[in-house]
Amino acid sequence: MSRTMRISALALRTLVLVVAVAGRSHAAARGVQRPDTARRHAVMATRDDSPAARARRLQQLDHRRRALDSTGKRERTVATSHWFTDTVQAGLFRIATTRRLREGVRRAATALSRELRPSLDATIVDSLRRHLIHVRPLLPEEGRSFGPDRLVVWDEVPYGLYGPAGGEAFLPRDDLRLQLTAIVGAITNRTMDDAMRTWLFNVSVVTVAPPATVETRARMDIATAGSFAARRCVVGDLAACARVLSLRGRPADPAHAWYAPEDYRDLASRLRLAPPDGDEAPRLQRRCLTGDAAACSTLIKRLGPDRLPAPTLEAPRLVLLHEALRLGGDGAITRLRASTGDIGTRLSAAAGVEEDSLLSSWRRRVISQRGARIRPTGEVALATIGWTLLLTGLGLRRTRRCD
Amino acid sequence: MFVAMLRAQWVWTRAIMLFFLAAGFALPVLSVPMSARFGIGWISANGYVEVGGMIGLLVAITVCLAAVALVVQNWSVDDRGRHVYALSLPIARRRYLLYRLGGGFLLLGMLAVAVWLGGAVAAGLLELPESLHAYPASLALRALMAAWLVHAIGFLVRFGAGQRARGVVFGALILLFLFVLLPAETLPAPLTWLSLASRALVLPGGPFGILVSPWSFIDV
Amino acid sequence: MTDAIRIRSLTYRTGREFALRGLDLTVPSGSVYGFLGPNGSGKTTTIKSLMGMLPPDDGTIDLLGHRVPDDVVPALARVGYVPERLHLYPALSVDETMRYHAAFYPRWDAREGDRLKRAFALRGDALVGRLSKGEAGKLMLLLALAVRPELLVLDEPTDGLDPVVRRDVLSAIVDYVAASKATVFISSHLVHEQERICDWVGLLDDGRMVAELPMSEFRAGVKRLRVRGASAPAGAGESAGAGLGAGAGAGAGAGAGATIATLPFRVLARRTLIGSDEEWVVRDWRPDMRGAFAALLPGSTLREVEDLDLEDSFVELLSAARARGQITTDGREAA
């Protein structure tokens, strides 16, 4: 074999190994993204159970989690569990389901897929093999990860969907949520009320755990919202968090509740003036944009509280909703739908904790990992060092010869 | 021996290194005048994040170029003499190569220090909103690891392979990166796996994970 | 006494061509060995193989008792090497190069290095890349000598140098050898230069060793004879070029029935001159054979015995080897 072919063969073998290892680690990392997720589900599911039952469930879920780390094991687990016997493929998504729900899932997925991607049909396939997947457990109320008559929805080709780690999704975020929401909604016939939908910027209820990219997005949104209240929230002012997330509804004086004078210039740049605003407003806007602070203040006062946009915090609200449902566990979504009052009260009812506790928990989740986006993770660092050493070793194999 | 080799390496790479050291120090510092244009009342915090991202990207490009330039310059001196001098010295070949590579890694470490110093200076001068922070150490650490990785790749391609193999490896890398950019679902079935394999390159566990994850100087 | 260099059946191929074909070479310790050969004969390839740069396709190489290339590193610490072309780093200065070189050799003699630097009139701050050919040659030799080597391996050390520099280089080599009893292996195609300093000579042609013997034997034994009336038949064994080292001519026979093959000296070449005169190139000649020539070969007259210098001997030996069929002119083995 020529040297070229030898090196190409070595490169190919290395690549296959990389795919296998990376796929496994990625599936392990993303599929059961936080090792304690399984435990949290277990805790929520067995809240009223005896310690013995809880321990049994924990053990079962741990077993499932480990099984999902390896494709081979996954097959055996699924085959022996008799829970998931069928897989429905809908566009990029695969839904593992029981035989009983299979047809319903297929119809729902077909309808949705045709709406979003007209050329695709949902088909039933029976194999879980050959796919690098990560599992998206549903919210507790809609379906726990494991158990009879439950659904597990996940997306095929995770790399194509979410792109490189930490990067932007290849699909728009809303598209993902809409698809998943519609699938589950069509099957379970659940809808979200208008108030909650509006609070979520008119998107249907989220029924899956937000991926890590959404949490990263939430962190960036809250920190760069151009809002004094958002900045205060980042440094720990929970009252400011409640204000900026509009948990009490829109404030009477948003110019002071959400914004400070140093934010007015940025705010002015985002304002869309209309003829009813008169001629003075555009002049004030122009002067404001050139740095005239007085003009900025005058413009804001002139437009009035109703014209000021809320800080764009879609992702943080999404994560807050999920956090409330996660804390609430069993019955959380029922309590959410049944509750009344402002958004903060309803979320608090769903979570089963005080609003401050909910906000603390949310803040820890969203803001706690400061700098995590930039700092190389342990996995990345170790992999980089490992690859560096491997490549160095390969380069050192050359024998003592003149070139 | 290592010190002598390092000293010699510095002599024939110092022009390039000084340029990159200056760039590595200056880039984070550039964020100060760049963001001064904006001011906190203008584009507010998001502008700082964008500036940080731009600086991060420039630092990434700089360290990668420095690593490649160092490989080329380091070995070109031996190439010109067809490695006769190196091979005639009483030192095992692998040890010699390791020392050379180690010297390259040290020089790139200096570059990371320059990035860190520039970042520290910039962090002191920037007037960031309270929700944002500068991360010179994280940026420098990322720069260091990326530089080492690229240096090792450059070493392997430049020295650890024959001419034809180099061409093959380069071509394969370019092809694979193309497949990273193409969405997997648009490809016919056999190429989907190639696309998946390409993406494995840029996963956290893959060889290029450090290069594609976010490079930024300013974050929450 | 052990040999400084011992090469047996060395074969090296570049692509489909053989650069070295079953080369045997022995350099006794303490000798100054001249490695002669025309351009492209494989001298540099031999030296690079000896230094462990080119792994042999076949054969063995022992350098100062170490097997090359597996165990070459300890041997290289005792070898001073000057290659054919400048191999140093052009961006370093003379002083930096000396410091760099010294770091690899425990035996580096800093005082000797400085002395040679003064003797060769080299400026310490001069960049290697800016040195003239002569200065570069001297620097390479300085580095080789300052490590106090047991073996000096010199590949065309004076090639392209002006006479003054050449003299300086050769003097330095001779001085070092005289002081240290080191072995010198010097390859060159400048035959007259080798004649002055070498005490062993090896002649390489087209990757094969044609001759290897002490210089005194080489110089004394090869003569050009002018013979008249030689009517001795060729006899078995005569050839246009019998390789040296194969032993003296057969027998001491003389007189009637004598053939050239039975003569006590070996005839390397015969050329017809004007009339019945012939020119013979012979080896293993002794002075007493002059007087006995008529007896050795009745009917012929020895008119003249001419000494050949090394260069002429070199050319005659090569021609004889090629004509005899060991090597054809296009380098292939004769049928």
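Below, chains carry the letters A, B, ... as their sequence lines are ordered, and counting in each starts from 1.
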Is the side chain of A/Q285 donor-acceptor paired with the backbone N or O of A/L299 at a distance under 3.5 Å, no angle test?
no

Residues forming a side chain to side chain contact (heavy atoms under 4.5 Å, CB included) with B/L65, sequence neighbours excluded:
B/F20, B/I61

The ring pair (Phe, Tyr, Trp, His ring centres under 6.0 Å) partners of B/W148 (sequence neighbours excluded) come to B/F105

Checking B/H133 side chain against B/V220 main chain: does a donor-acceptor pair fall under 3.5 Å?
no

Examine whether an atom of B/L101 lies under 4.5 Å from a heavy atom of chain A, and if so say whether it belongs to the side chain, the backbone or both; otherwise answer neither.
side chain

Residue part contacting chain B, namely of A/A381, when any heavy atom lies under 4.5 Å:
both

Find the one option among A/V234, A/I222, A/L389 whose heavy-atom pairs under 4.5 Å with chain B are most numerous.
A/V234

